[in-house]
Protein chains: 2
Amino acid sequence: MARAATTTDAFNAVAEPRRREILDALAGGELAVGDLTELLGLAQPQVSKHLRVLREVGLVDVRDDGRRRLYRVNAAPLREVHAWVGRYERLWNERFDLMDDVLDELTETEAETETRGGD
Amino acid sequence: MARAATTTDAFNAVAEPRRREILDALAGGELAVGDLTELLGLAQPQVSKHLRVLREVGLVDVRDDGRRRLYRVNAAPLREVHAWVGRYERLWNERFDLMDDVLDELTETEAETETRGGD
DNA sequence: TTGACACATTCCCATATGGGTATATGTTTG
DNA sequence: CAAACATATACCCATATGGGAATGTGTCAA
């Protein structure tokens, strides 16, 4: 099997930096494809393709406006991502507590070393 | 260019469900590779390869214990993910508020419709 | 030292990717 | 209608993937 499709879920869709940029841009409100190509400095077909992926996982909605298509964010699929990552919030805090302990120990060790006159 | 490497960052590393399972398993504490293969029902080489990816993005640390290798979570790299997704929390809530509005409107419409005696 | 054990690495392969470029579809204007 | 504009799709390609299977590396026991 190969890597899971980018359209599998929000996790995969959002792993691509360009798609995160698109969502960030759309966070301010509806934008047309042309606006996005300009903002991202990316060619139009690529933008359209990224938007397709985002649409397929439900991260954006489209609306027709004459010959343009206005895209807007639908953050709902990000809830799952947020929920999963959120479960680790406690862990990375603990991690930093541990880090502090280690740093303290290092400081003590250095103090001892200096007392002994170096290695 | 092809898709970004899974070892590029936590976003990409965590897009793979198996790797999320591994992290979930390790959330309870240190585990050896063998424990993980059993828990995930995945072959040992595959587990080792997933662990390599997780190591390369700093999501796990290793420790030697005789002929086994104990892995533990290091959630720090998930902070960035959490931070990015977190910016959309307000948006998906707004989204649900809008949904509520829509539902209200629908209810009203139905009420009218019933008053008028159906469609 | 040999064998058993635990894990890492290598090779093979079908697959989807993302960018580039060209072209199709659809809409507005003249 | 044709031309211009906005967007979507199709195609080509180098690349990394993740699983399967085989093998390499290092550690413990007899």
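For clarity, every value in this text was computed on a predicted model and none was experimentally measured. Order of the sequence lines fixes the chain letters, A, B, ..., with proteins taken first and strands second; residue numbering starts at 1 for each chain.
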**Request:** Please state how far atom CZ in R52(B) lies from atom P in dA6(C), giving the value in whole angstrom units.
**Result:** 22 Å
**Prompt:** How many Å lie between CG on L31(B) and C1' on dC7(C), as a whole number?
**Reply:** 15 Å
**Request:** Grab the CZ-C1' distance between F11(B) and dT17(D) for me, whole Å please.
**Result:** 20 Å
**Message:** Rounding to an integer number of Å, can you tell me how far N12(B) CG sits from dT15(D) C1'?
**Reply:** 14 Å
**Complete:** L40(A) CG to dG18(C) P, in whole Å, measures 14 Å
**Message:** In terms of relative ring orientation, are H82(B) and H82(A) parallel, tilted or perpendicular, with 30° and 60° separating the classes?
**Reply:** parallel
**Message:** Measure OH/Y71(A) against C1'/dT7(D) and give the value in whole Å, please.
**Reply:** 8 Å
**Complete:** The nucleotide from dT9(C), dT7(D), dC7(C) with an atom nearest the side chain of S48(A) is dT7(D)
**Asked** What integer distance in Å separates H50(A):NE2 from dT7(D):P?
**Response** 16 Å
**Request:** Give the intermediate values and the outcome of side chain to side chain contact (heavy atoms under 4.5 Å, CB included) for residues V60(B) and R72(B).
**Result:** CA-CA 5 Å; V60(B) 297; R72(B) 60 155 59 212; over 6 Å; no
**Asked** Salt bridge or not for D24(B) and R87(A), using N-O below 4.0 Å?
**Response** yes
**Asked** Ion pair present between E16(B) and R20(B), side-chain N to carboxylate O less than 4.0 angstrom?
**Response** no
**Asked** Among residues 13-29 of chain A, which contact DNA chain D at a heavy-atom distance under 4.0 Å?
**Response** none
**Request:** With sequence neighbours excluded, tell me which residues meet side chain to side chain contact (heavy atoms under 4.5 Å, CB included) with R67(A).
**Result:** none
**Prompt:** L54(A) CG to dA8(D) C1': how many Å, rounded?
**Reply:** 15 Å
**Asked** Minimum heavy-atom separation for R55(A) to V62(A), with atom names?
**Response** CD-CG2, 3.2 Å
**Item:** Contact state string [nucleotides 20-30 of chain C, B base, S sugar-phosphate only, - no protein heavy atom under 4.0 Å]
**Value:** BBB----BS--
**Asked** Judged by atom type as modelled, is there a donor-acceptor pair below 3.5 Å linking the side chain of Y71(A) to the main-chain atoms of L23(A)?
**Response** no
**Prompt:** Can you name the side chain to side chain contact (heavy atoms under 4.5 Å, CB included) partners of D65(B), sequence neighbours left out?
**Reply:** R68(B), L70(B)
**Message:** List the residues meeting side chain to side chain contact (heavy atoms under 4.5 Å, CB included) with P77(A), not counting sequence neighbours, and say none if there are none.
**Reply:** A10(A), L59(A), N74(A)
**Prompt:** Counting only non-hydrogen atoms, which of residues 2-10 of chain B are less than 4.0 Å from DNA chain C?
**Reply:** A2(B), R3(B)
